[in-house]
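Source: prediction; values computed, not measured.
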Amino acid sequence: MFNLPFHCRVAELKVRIGIEEHSLEVAKTLHFAPSVLAEWQRCRNELVKELAQVYAEPNYWLF
């Protein structure tokens, strides 16, 4: 059996990063103001950092 909370957290962060990336692309297409684009980029970067921290933590397999 694998570490379900770890894998759920990783999946959640990946989905949230995907949403931020999609929102950023739509905003660019619609020519939003740079300040709006910067906010989406900041949020995405924070999520990427959080995902990196989750991966850096020990991931113990449960048996």
Point-to-point distance, once rounded to the nearest 0.5 Å, from NZ of Lys28 to CG of Leu30: 13.0 Å
Rounded to the nearest 0.5 Å, the CD1 atom of Ile17 sits from the CD atom of Glu12 at a distance of 10.0 Å
Is the shortest distance from a Lys or Arg side-chain nitrogen in Arg16 or Glu20 to a carboxylate oxygen in the other one below 4.0 Å? no
Working note: Arg44 + Gln41, criterion side-chain contact (heavy atoms from CB on, under 4.5 Å); need CA distance, chi angles, decisive distance, verdict. CA-CA 5 Å; Arg44 182 202 167 275; Gln41 188 65 41; 4.1 Å; yes
Rounded to the nearest 0.5 Å, what separation is found between the CH2 atom of Trp40 and the NE2 atom of His22? 10.0 Å
Distance in Å, Cys43 SG paired with Asn45 CG, rounded so as to fall on 0.5 Å steps: 9.0 Å
Start with the C-alpha gap between Leu51 and Leu47, add the side-chain angles, then the distance that decides, and say whether side-chain contact (heavy atoms from CB on, under 4.5 Å) holds. CA-CA 6 Å; Leu51 181 60; Leu47 292 169; over 6 Å; no
Between Glu39 and Arg42, does at least one N-O distance fall below 4.0 Å, as a salt bridge requires? yes
Worked check of side-chain contact (heavy atoms from CB on, under 4.5 Å) between Tyr55 and Val10: CA-CA 8 Å; Tyr55 277 134; Val10 168; 3.3 Å; yes
At what distance, to the nearest 0.5 angstrom, does CG of Leu24 lie from CD1 of Ile19? 13.5 Å
